Enquirer: 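So that we are looking at the same thing, I have put the structure below in structure tokens.
Every chain is numbered from 1 and lettered A, B, ... according to where its sequence line falls, protein lines coming before strand lines. All figures in this text were calculated on a predicted structure; none of them were measured in a lab.
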Protein chains: 2
Amino acid sequence: MPRLSQKIGVYQEYLPHLSVDCVVFGFNENGLKVLLLKMKHREEWALPGGFVGQDETVEAAATRVLQERTGLEQVFLQQFHVFSDPNRSEGNSASSGDKQAAAWLNQRFITLGFYALVPFDKVKPQPDAISEACTWWDVEAVGSLLIDHNLILKKALEAMRLQLRYQPLGLNLLPAKFTMPQLQKLYEIILGQTLDRRNFQRKMMDYGILHRLEERKTGVAHKAPYYYKFNKQRYKQALKEGLEGGW
Amino acid sequence: MPRLSQKIGVYQEYLPHLSVDCVVFGFNENGLKVLLLKMKHREEWALPGGFVGQDETVEAAATRVLQERTGLEQVFLQQFHVFSDPNRSEGNSASSGDKQAAAWLNQRFITLGFYALVPFDKVKPQPDAISEACTWWDVEAVGSLLIDHNLILKKALEAMRLQLRYQPLGLNLLPAKFTMPQLQKLYEIILGQTLDRRNFQRKMMDYGILHRLEERKTGVAHKAPYYYKFNKQRYKQALKEGLEGGW
DNA sequence: CTTCAATGCGTTAGTCAGACACAAAGTAGT
DNA sequence: ACTACTTTGTGTCTGACTAACGCATTGAAG
């Protein structure tokens, strides 16, 4: 019975009771987006998720899930919370025809929440075997999600906005060369509020993680903005040490 | 992972591959302390840890571990990181006589890091079944710990100091009534730097989470300081909303 | 009752964020 | 080509907050 053992083998590759869920954020001019999956035979949409291999770090597992859904190799990934309510999957028993699959899916799962920041326009959302769709949703327009995924999304948003206060952001979301208005738009969309153009520029430049190029953007209406790029060394340093003094 | 705060022979009560480790911080006049266990037949000290029950949240598991080691019921507990390097327990195979125990302990473990803030003088450290000692260590004096526990401790310190910037702290570490110098000492010890007495007082009072009592401390040399207590309602509100504006 | 260390309260200078003004640049329409 | 309009680059002002420090008060010790 090679088929059966193969199937069993698939799940045996993973650690039981443990899953990862990824809140994948992207942004375009219309707002902050999150990548969601529509499961077959289910009403609700869900966060892309997966399991942890026997010999894999949880970061690697999340990266793998992300690679499969978005095609992206290098993304900014951050673990932010562990969700472990024993009843979190209440009322969501799996109804697969495959008994092995059903048994696996009906376990109690403790899930590790990750959020990722990805370049919206470089992502080609791809559904997995058990999904019929995989698309971007406006964060504001997300309805009722599977299990506790609404809670996971909410926590991810909080964690990301908090992190924005003391860590730089943008290296993994913007092109190598970008303009100040682009960067500001990113911050505004993530924070959900408008910011003063001039104060924003001063603050960002004072952080010392940006370098202005001589080159200006061409082909745009009105005054051509300068291009900027991140000083990656200082950027990484700021990631470690934080941006603001505090005490 | 030869740390075990539970009885032998009941491993099926726990989820496999998953553990919790608690970095328990306390403080006294001499500095910031961390609670460590000395395992039997082992050189290194270790963080108190345990496993997650089949029907238990990870927070409940950490709380249970803490209760067993410190006797405390209500503590400030915070999850801060998941440690999942497949080789993290490299070179630390369990050598228990109990084969069942050895099999359990030699699993690969993904551990959930929690840090706790507890009132130093109310704790009665108690070793578990497989430990010969459980005592406070000065954070600065901690030597080489079991497995990756030095890394866990380092990450916990970073997470706690970061959290201090935008959340109030002290409710769970200080007596109900305390003086301003006491509170300042706490902050100085946790942050690892001295602070200006007068500016500290102003800043804390401006947060609006403190209430000064009429009562003054008695029996002290020199001028008697006022007692303060936390306004618990505002304190909890500040925990949720954060202390500083940012953007 | 003098000394002394610690506390309570206040003052000043420097820094930073927020709000806004104005000049420069580039496109589009006439 | 000229004007109108929009967007960007830079500077200024004000209020709030932080850091640094001065000084009087308190209470125990000698």
Enquirer: Cut-off 3.5 Å, side chains only: do Thr57(A) and Asp85(B) have a donor facing an acceptor?
Expert: no
Enquirer: Write down the atom of Gln184(A), the atom of Arg197(A), and the distance for their closest heavy-atom approach.
Expert: OE1-CA, 3.4 Å
Enquirer: In whole Å, I'd like the distance from the CD atom of Glu214(B) to the C1' atom of dG8(C).
Expert: 14 Å
Enquirer: For Phe80(A) and Phe114(A), what are the C-alpha separation, side-chain angles and deciding distance, and is it a ring-ring contact (aromatic ring centres under 6.0 Å, His included)?
Expert: CA-CA 6 Å; Phe80(A) 66 95; Phe114(A) 285 81; 7.9 Å; no
Enquirer: Show each protein N/O and nucleotides 21-25 of chain D N/O combination with a separation under 3.5 Å, one pair to a line.
Expert:
unit_1	atom_1	unit_2	atom_2	d
dC21(D)	N4	Arg198(B)	NE	3.2
dG22(D)	N7	Arg198(B)	NH1	2.9
dG22(D)	O6	Arg198(B)	NE	3.3
dG22(D)	O6	Arg198(B)	NH1	2.5
dT25(D)	O2	Lys223(B)	NZ	3.3

Enquirer: Find the distance Arg216(B):CZ to dC9(C):C1' and express it as a whole number of Å.
Expert: 12 Å
Enquirer: Hey, is the side chain of Arg212(A) poking within less than 4.0 Å of OP1 or OP2 on dT8(D), counting only N and O atoms?
Expert: no
Enquirer: State which of dG8(C), dT18(D), dC5(D) makes the closest approach to the side chain of His222(A).
Expert: dC5(D)
Enquirer: Could you tell me, to 10°, how much the axis swings from one end of the helix from dC1(C)-dG30(D) to dT30(C)-dA1(D) to the other, five pairs per end?
Expert: 0°
Enquirer: Please report whether the ring centroid of Phe25(A) lies less than 6.0 Å from that of Phe120(A).
Expert: no
Enquirer: Taking for each residue the nucleotide of DNA chain C bearing the nearest heavy atom, is the 5' side occupied by Thr218(A) or by Ala224(B)?
Expert: Ala224(B)
Enquirer: Pairs in or reaching into residues 139-150 of chain A: which pass salt bridge (Lys or Arg N to Asp or Glu O under 4.0 Å), with residues at least two apart or in two chains?
Expert: Arg88(A)-Asp148(A)
Enquirer: In whole Å, I'd like the distance from the NZ atom of Lys203(A) to the P atom of dA17(C).
Expert: 5 Å
Enquirer: Regarding Glu56(A) and Arg64(A), does a basic nitrogen lie under 4.0 Å from an acidic carboxylate oxygen?
Expert: yes
Enquirer: Who passes ring-ring contact (aromatic ring centres under 6.0 Å, His included) against Phe27(B), sequence neighbours left out?
Expert: none
Enquirer: Apply ring-ring contact (aromatic ring centres under 6.0 Å, His included) to Tyr227(B) and list each qualifying residue two or more places apart in sequence or on a separate chain.
Expert: none
Enquirer: What is the separation between atom OH on Tyr207(B) and atom C1' on dA16(D), rounded to the nearest whole Å?
Expert: 14 Å
Enquirer: Side chain of Gln201(B), heavy atoms from C-beta onward: which of dT7(D), dG8(C), dT7(C) has the nearest atom to it?
Expert: dG8(C)
Enquirer: In whole Å, I'd like the distance from the OH atom of Tyr227(A) to the C1' atom of dA25(C).
Expert: 16 Å
Enquirer: Can you run down the salt bridge (Lys or Arg N to Asp or Glu O under 4.0 Å) pairs that involve residues 166-193 of chain A, sequence neighbours left out, and say none if there aren't any?
Expert: Lys177(A)-Glu215(A)
